[in-house]
Amino acid sequence: MNMLKLSWKYLIFKPLNTGLNILLLALGLAIITVLILIQDQFENKMTQDAKGIDLVVGAKGSPLQLILSSIYHIDYPTGNIDLKDAQSISKNRLIKNVIPLGMGDNYEGFRIVGTNHDYLELYTVAFQGGSAWEKPFDVVLGSEVAKKLKLNLGDNFIGSHGIGSSSHEHDAHPYRVTGILQPKGNVVDNLILTSIESVWYTHDEEHDHAKMEASVSKTGFPLTEEDREVTSLLLQYRNPIAAVQLPRMINSKSALQAASPSFEISRLFELLGVGVKVIQGLAIVIIVIAGLGIFIALFNSLKERKYDLAVMRTLGASSGQLFLHIVLEGVILTFLGALLGIAIGHLFLAILVMQNEQGVLGGLTAAVFLKEEFLILAFAIGVGFIASLIPAWTAYQTDIAKQLTKS
Amino acid sequence: MLAAKNIEFNYDKVRKFEFPDIQMKEGDELLILGKSGSGKTTILNILGGLLKPLSGEVIIGGSSLYQLKGASLDKFRGKNIGIIFQKPHILAPLTVEENLRLANFFVGERGKQNEALLRELGIFEKRKSKISTLSEGEAQRVSIARALANSPKLILADEPTSSLDDENATIVIKLLQEQAKKFQAALIIVTHDQRVKNFISNQVIVGGTL
C-alpha cells in the first residue's frame, strides 16, 4: 500500500464519476492536441511548398486564390494569361528564373499540371522509377497518385477537363506514365506533372502528328508561334530589389497580377487564426469545466469521506499525507485525462487525414509527437493540482476527534 | 505503561470535565463506564491522542503524548495506539487485507503478522473481500484486526459491543482481552453496556454514578 495506490483505490471506487471527469478533460485536451498537430504540420507544409518561389504571376483576381491554385493546387486558378505577356515579363533583368504552369485538367481528381523540368528541380524530386517527360503526353506521377490510382510505368490514362473529378473526358490522347516520383511529403506527391505542350495539345481540335513526336521544351517557355496561354508563372528573384519593383511593375500591367506567397500565406493564417482562436477558446472552456467537475467531485466526495479521513488519521496518517492523498486523486485524474486526450487527438487527426487525402490535410500525419504535447500533459497535471487544492486543504484540516464523535 | 494525570477538558464554559487519574501496566484491563454525555468518549479521544486536553498529561510507554506535535503525534498514535470504534469504519474502497496494510503503511511497518491476525479473528477467508460483503460481526472483527495490525501498546475500544447481540458482544470482548494479553497491551474499553461489566473487574466511572 502506498499513497498513489490509496488514491487510485478511491478513484476506481467511483468508476462513473471518475470516468466522466477523465472523458470531459480528455475531450478538451484532444481538441487542443489536434489544433497543435495541424497547426505545426500545416504551417511547415505551407512554408515548405512555397520554398524557392518568390512571386506568382497569373490572371487578375484574388491574390490568395492565385497562390492557393498555383503553389498548393487547392483552389481554382484565376484564369489564363497570354503566353506573349508571360514571355515579355520573364525577360526582366530582375528575374532569375521562371517556371510556367498550365492547368485545367485532372485524372480521377488528381490535377494534371503542365510545366517544365525546372519545376521538378524546384522541389528536388527523386524518381522511384522512370524519368521525366520528353515527349508530349508523357507524364510523371506523384507518389500518392501512383499509389492511389495503382498506375505503373508505361500505363495509359485519359485526362478529364476541369480541376475536380467527373468532368467530361478528353477522348483523343491518352497520357503515358514515364516516371513515378518518390514520396516527399509535399504538394508534388498529389500531382500529375507533364509538359505545357501536353496541356495545350489535349485541348486542340486538330491533330498534328509531327508535333506529337517532337521533343518538349525542358526549361523556360515552349517555342511556338501560335497564340497560346499559360495559367500562371512561378518566379524567382535575382536580387532583393526585385521584391520592391517587380510586383508593382507587374500589377500595373492591366492583364496580370503578381502575388507574393509569403505575404498571402501570412494573410491566410491570419484569417484561419480567427477560427483557430474560437476552437481554442472552446477547448479551454471545456477544460475549465472539466477542472470544475473534478473540483466538485472531490469536494462532494470529501463530505462522505471525512470519516474515512479521520480513521486514516487514527491509523497514523499525518494531515500532510491526507493533503497528498486528495491532491494525488486530482492529479491522477487529469494525468489519465491528458493521456486519453492526446490519444483521442491523434486518432481524430488520423481519421481526418484519411478522409481528406486529396485535400488540404492530405500530406499531414497523425504519427508524430511534438514537445508541445508534454506541455499539455504538464498543463493537465496543473489543472488537477489546482482543482484539488481546496478539497485537499479541507482534508488537511479535518478535526479527527470531532469527526469521529459526530456519527 | 499508561498514566493519565489531572486531565481536564471543556467543550465550552458550561460543560467542564474532570477525569480520574489512570495508571495501567502492560496487560492491564480497564473498563470506563458512564452515561451518555458523561464524557467517556472524550476521555477516550484524549487517551488516544486525538483531542488535546485543557490541562494534564497522558504518558504512554514513557512518552508524554501531547508533547508530540503534528506528524510525530500521528505516527506515535499509529504505532502505539489501536483504536476500535463503535461502528467498524472500515475504508470501503479497500479490501479487508488492504485496510490492515494501510495501517502498516502509515507507520512504516511490514505487517508480517496480518495473516495470523486475520486467521485468529476468523476472517482470513474474507481477506480479499470488500467491506460491503461482510456481516456486522465480521466487520467489527476486521476493525479489531486493523487496530492490532501495528502491535499497539494501548488498545482503546469505544462502545465496541453496543450494536451487537449478546453472543457477538461476548465474542468481541473475549477477542479483545485475548489479543491484548497476547500483545502485552493495556486494554481500555469505554462503554455504557452493562453486559461488559461481567468481563472486566477493574472499572472507573466517569460523570458521577450510573
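Computation of the quantities below employed the complete heavy-atom set of this structure, encompassing side-chain atoms and omitting hydrogens, waters and symmetry-equivalent molecules. In what follows, chains are A, B, ... by sequence order, proteins preceding strands, each numbered from 1.
To the nearest 0.5 angstrom, B:Lys79 atom NZ is 13.0 Å from A:Leu315 atom CG. Within the model, atoms CG of B:Asn45 and CD1 of A:Ile400 stand 9.0 Å from one another, a figure rounded to the nearest 0.5 Å.
Of the listed residues (B:Leu51, B:Thr42, B:Leu102, B:Val107), the one with the most heavy-atom contacts under 4.5 Å to chain A is B:Leu102. Contacts with chain B were tallied for A:Asp308, A:Thr314, A:Leu11, A:Leu6; A:Thr314 has the most, counting heavy-atom pairs under 4.5 Å.
Listed in order of number, the residues of residues 1-8 of chain B that approach chain A to under 4.5 Å between heavy atoms amount to none. Identified by a heavy-atom distance below 4.5 Å to chain B, contributing residues of residues 374-395 of chain A are lacking entirely.
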(request) Given side-chain contact (heavy atoms from CB on, under 4.5 Å), test B:Lys87 with A:Tyr307 step by step and report yes or no. (result) CA-CA 11 Å; B:Lys87 295 230 177 71; A:Tyr307 219 106; over 6 Å; no
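Residue A:Val311 comes nearest to B:Phe85 through the heavy atom pair CG2-CE1, 4.3 Å, listed as atom of the first residue, atom of the second, then distance. Taking all atoms of both residues into account, the shortest heavy-atom contact from A:Lys9 to B:Pro93 is O-CB, 3.7 Å.
Inter-residue side-chain proximity for B:Asn104 and A:Met1 is flagged as unmet; no heavy-atom pair is nearer than 4.5 Å.
With hydrogens and angles ignored, the 3.5 Å screen pairs a side-chain donor or acceptor of B:Arg77 with a backbone N or O of A:Arg313.
Taking a 6.0 Å sphere around NZ of B:Lys182, one finds it holds more than 12 heavy atoms contributed by other residues, nucleotides or ligands. When the shell of 6.0 Å around CZ of B:Phe76 is examined, it contains more than 12 heavy atoms from other residues, nucleotides or ligands. Shown here is A:Phe348, whose CZ atom has no more than 12 heavy atoms of other residues, nucleotides or ligands within 6.0 Å.
Neither the backbone nor the side chain of A:Lys14 comes within less than 4.5 Å of any heavy atom in chain B. Contacts between B:Ile83 and chain A at a heavy-atom distance below 4.5 Å involve the side chain alone, from C-beta outward. With a 4.5 angstrom heavy-atom cutoff, B:Ala92 touches chain A via backbone and side-chain atoms both.
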